[in-house]
Amino acid sequence: MKSDFLPDRRRLLQTAAALAATGSGSWAQAIAPSRDLSGVTLRVGTYKGLWRPLLTASGQAGTPYKIDWRELNNGVLHIEAINGDALDLGSGSEIPPVFAARQKSSVKLVAVTHEDLNNQATLARKDAPIRSIADFKGKRVGYVRATTSHYYLAKQLAEAGLTFNDIQAVSLTPSDGLSAFARGDLDAWAIYGYNGQLARTQYGARVIKTGVGYLSGNFPIYANPRALDDQLRRAALADLLQRLQRSFAWINGNFLAYARAQSAETRVPVGDIVELFNRRSGDYSLGPVSDAVVRSHQDVADTFLKIGVLDGPADVKPLWDRSFESVLRLPAA
């Protein structure tokens with residue numbers, strides 16, 4: 001895969017995006033590349049080591065608008081910021097929007113990324129007498145409430161004939177969970193990302209199960225409805241989504257370059273990041289909303305209602321916005 005994206009081809013894709021939307025009036029004008037976006041500033045939520053270094057490493061950072069990056073390291077914070085009109089674009093798992101649907105928050109889900117599920121893992125301490133999820137009975141098990149780890153842990157426990165009532169469940173932030181795991185205050189831990197990798201490499205944690213088969217792999221991109229209603233901000237969002245789509249495709253053939261960019265921002269060793277990539281459950285991508293994506297999200301909401309996390313049913317379908325579909329169905333380069 002080529003690691004660069006020729007300017008002429010970029011212009012062709014932008015023109016194609018505008019032509020693809022000619023049937024929708026103002027939307028066609030909103031994404032036309034001739035729009036002057038120099039006065040636009042997008043407020044974009046990011047996680048340490050993700051979108052910001054990704055755009056730079058993949059050569060997609062030269063936007064015709066400004067980006068005000070705001071580091072918010074969980075999806076709940078992204079949605080809260082969008083709902084409070086402090087953010088135009090953010091991202092996270094399927095879980096926070098379930099609560100947003102229940103609370104009628106002002107947020108839309110406009111695209112979805114597909115990322116690694118092997119870094120969403122249920123771990124056991126190296127010296128714990130645990131070989132399967134069934135062995136969690138009576139044990140101290142950490143997780144992060146209202147996140148993917150809460151969801152897949154519930155699914156794994158149910159599969160083993162257990163519930164949260166059968167374990168000593170301990171809700172902790174990822175960083176607090178790592179500290180508790182390191183001290184020996186937890187026997188097992190359902191966790192994702194770098195903290196799980198550190199538990200494995202620094203403290204010898206053993207993987208009991210991963211999120212494969214329990215999570216969809218869909219990670220929605222959240223947007224501010226106010227930004228969607230503004231022609232210039234919408235045009236900038238369309239451009240940014242295309243850049244991110246190209247960047248996600250670029251990752252799969254250029255991961256070492258991305259790992260170096262991530263490491264510079266996170267201080268996680270390049271080798272550890274590359275190891276995560278080498279064990280990935282599938283390639284990275286960013287695509288449009290589909291019926292299957294919405295159905296998967298509704299299953300998450302229904303599961304959380306069943307296990308008592310929600311105080312009532314949540315209909316997630318109204319959150320999903322397909323107005324960027326024509327843009328994101330274009331080749332990603």
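Position 1 is the first residue of the sequence; numbering continues from there.
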Decide side-chain contact (heavy atoms from CB on, under 4.5 Å) for Gln120 and Thr210; before the verdict, give the C-alpha distance in whole Å, the side-chain angles of both, and the deciding distance to 0.1 Å. CA-CA 6 Å; Gln120 307 250 353; Thr210 71; over 6 Å; no

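- Within the 4.5 Å cutoff, side-chain heavy atoms of Leu186 are placed close to those of Leu172.
- Both the sub-6.0 Å distance and the 45° axial angle are not jointly satisfied by Arg102 relative to the ring of Phe99.
- Applying the side-chain contact (heavy atoms from CB on, under 4.5 Å) test between Phe277 and each of Asn118, Asp116, Ile251 identifies Ile251 as the sole match.
- The CD1 atom of Ile221 sits 12.5 Å away from atom CG of Asp321, with the distance rounded to the nearest 0.5 Å.
- Between Asp68 and Lys66, no side-chain nitrogen of the basic residue sits less than 4.0 Å from a carboxylate oxygen of the acidic one, so the salt-bridge criterion is not met.
- Scanning all heavy atoms of the two residues, the minimum distance from Gly49 to Thr266 falls at CA-CG2, 3.6 Å.
- Atom OG1 of Thr147 sits about 7.0 Å away from atom CD1 of Ile191, to the nearest 0.5 Å.
- Considering Leu123, Asp127, Val141, Ile130 as possible partners of Asp187, the one that fulfils the side-chain contact (heavy atoms from CB on, under 4.5 Å) test is Ile130.
- Closest heavy-atom contact between Gln197 and Asp272: NE2-O, 3.0 Å.
- The closest donor-acceptor contact from the side chain of Tyr65 to the backbone of Ala235 lies at 3.5 Å or more, if one exists at all.
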Checking side-chain contact (heavy atoms from CB on, under 4.5 Å) for the pair Glu159/Lys209: CA distance, chi angles, key distance, verdict? CA-CA 12 Å; Glu159 188 177 65; Lys209 276 188 178 291; 3.7 Å; yes

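- In this model, no donor atom of one side chain and acceptor atom of the other lie less than 3.5 Å apart for Arg234 and Gln231.
- The two residues Ser281 and Glu115 make their nearest non-hydrogen contact at OG-O, 4.2 Å.
- For the atom pair CG (Leu54) and CD (Glu265), the distance works out to 11.0 Å, reported to the nearest 0.5 Å.
- Among residues at least two apart or in separate chains, ring-ring contact (aromatic ring centres under 6.0 Å, His included) pairs with a member in residues 157-212 are Tyr143-Phe164, His150-Phe164, Phe181-Trp189.
- Distance check: Thr173 OG1 to Leu178 CG gives 9.5 Å after rounding to the nearest 0.5 Å.
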Using the rule given for salt bridge (Lys or Arg N to Asp or Glu O under 4.0 Å), can you reason through Arg43 versus Asp85, listing the C-alpha separation, both sets of side-chain angles and the distance that settles it, and then say yes or no? CA-CA 10 Å; Arg43 302 162 299 172; Asp85 197 22; 3.1 Å; yes

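- Salt-bridge formation is not detected for the pair Lys306/Asp299: no Lys NZ or Arg NE/NH1/NH2 atom is positioned less than 4.0 Å from an Asp or Glu carboxylate oxygen.
- Side-chain polar atoms of Glu94 and Tyr151 form no donor-acceptor pair below 3.5 angstrom.
- For Asp302 and Arg295, the salt-bridge test fails: no basic side-chain N is under 4.0 Å from an acidic carboxylate O.
- Going from atom CZ of Arg52 over to atom CD of Glu71 covers 5.5 Å, rounded to the nearest 0.5 Å.
- Counting heavy atoms from C-beta outward, Arg226 and Ser106 have side chains that approach closer than 4.5 Å.
- In this structure, Tyr258 and Trp250 have perpendicular ring planes: the angle between them is above 60°, well past the 30° mark.
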side-chain contact (heavy atoms from CB on, under 4.5 Å) for Gln262 and Val268? Distances and angles first, verdict last. CA-CA 8 Å; Gln262 280 187 305; Val268 175; over 6 Å; no

Going through the distances and angles, do Leu42 and Val40 end up as a side-chain contact (heavy atoms from CB on, under 4.5 Å)? CA-CA 6 Å; Leu42 287 182; Val40 174; 4.3 Å; yes

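- Inspection of the Gln60 and Ser247 side chains reveals no N or O donor paired with an N or O acceptor under 3.5 Å.
- In this structure, Leu89 and Ile82 approach most closely via the heavy-atom pair C-CD1, 4.4 Å.
- No donor-acceptor pair under 3.5 Å is formed between the side chain of Asp166 and the backbone N or O of Lys137.
- Neither side chain, Asn83 nor Tyr222, offers a donor N or O lying under 3.5 Å from an acceptor on the other.
- If you take CG on Asn74 and CG on Leu72, they are separated by 8.0 Å, rounding to the nearest 0.5 Å.
- Judged by distance alone, the side chain of Arg260 and the main-chain N or O of Ala57 form no donor-acceptor pair under 3.5 Å.
- Using a distance-only test at 3.5 Å, with no hydrogens or angles considered, a donor-acceptor pair links the side chain of Arg140 to the main chain of Gly184.
- The backbone N or O of Val107 lies less than 3.5 Å from no partner atom in the side chain of Ser105, so there is not a single donor-acceptor pair.
- A distance-only check finds a donor-acceptor pair linking the side chain of Gln168 to the backbone of Gly138 [under 3.5 Å].
- Here the rule is side-chain contact (heavy atoms from CB on, under 4.5 Å) with Lys108, and of Val289, Leu319, Leu228 only Leu228 fits it.
- The minimum heavy-atom distance linking Ala314 with Ala101 is given by the pair CB-CB, 4.2 Å.
- No donor-acceptor distance shorter than 3.5 angstrom exists from the side chain of Arg70 to the backbone of Ala81, with no hydrogens or angles considered.
- The two residues His297 and Pro97 make their nearest non-hydrogen contact at CE1-CB, 3.6 Å.
- Although no hydrogens or angles enter the test, the distance criterion places a donor-acceptor pair under 3.5 Å between the side chain of Asp135 and the main chain of Ser132.
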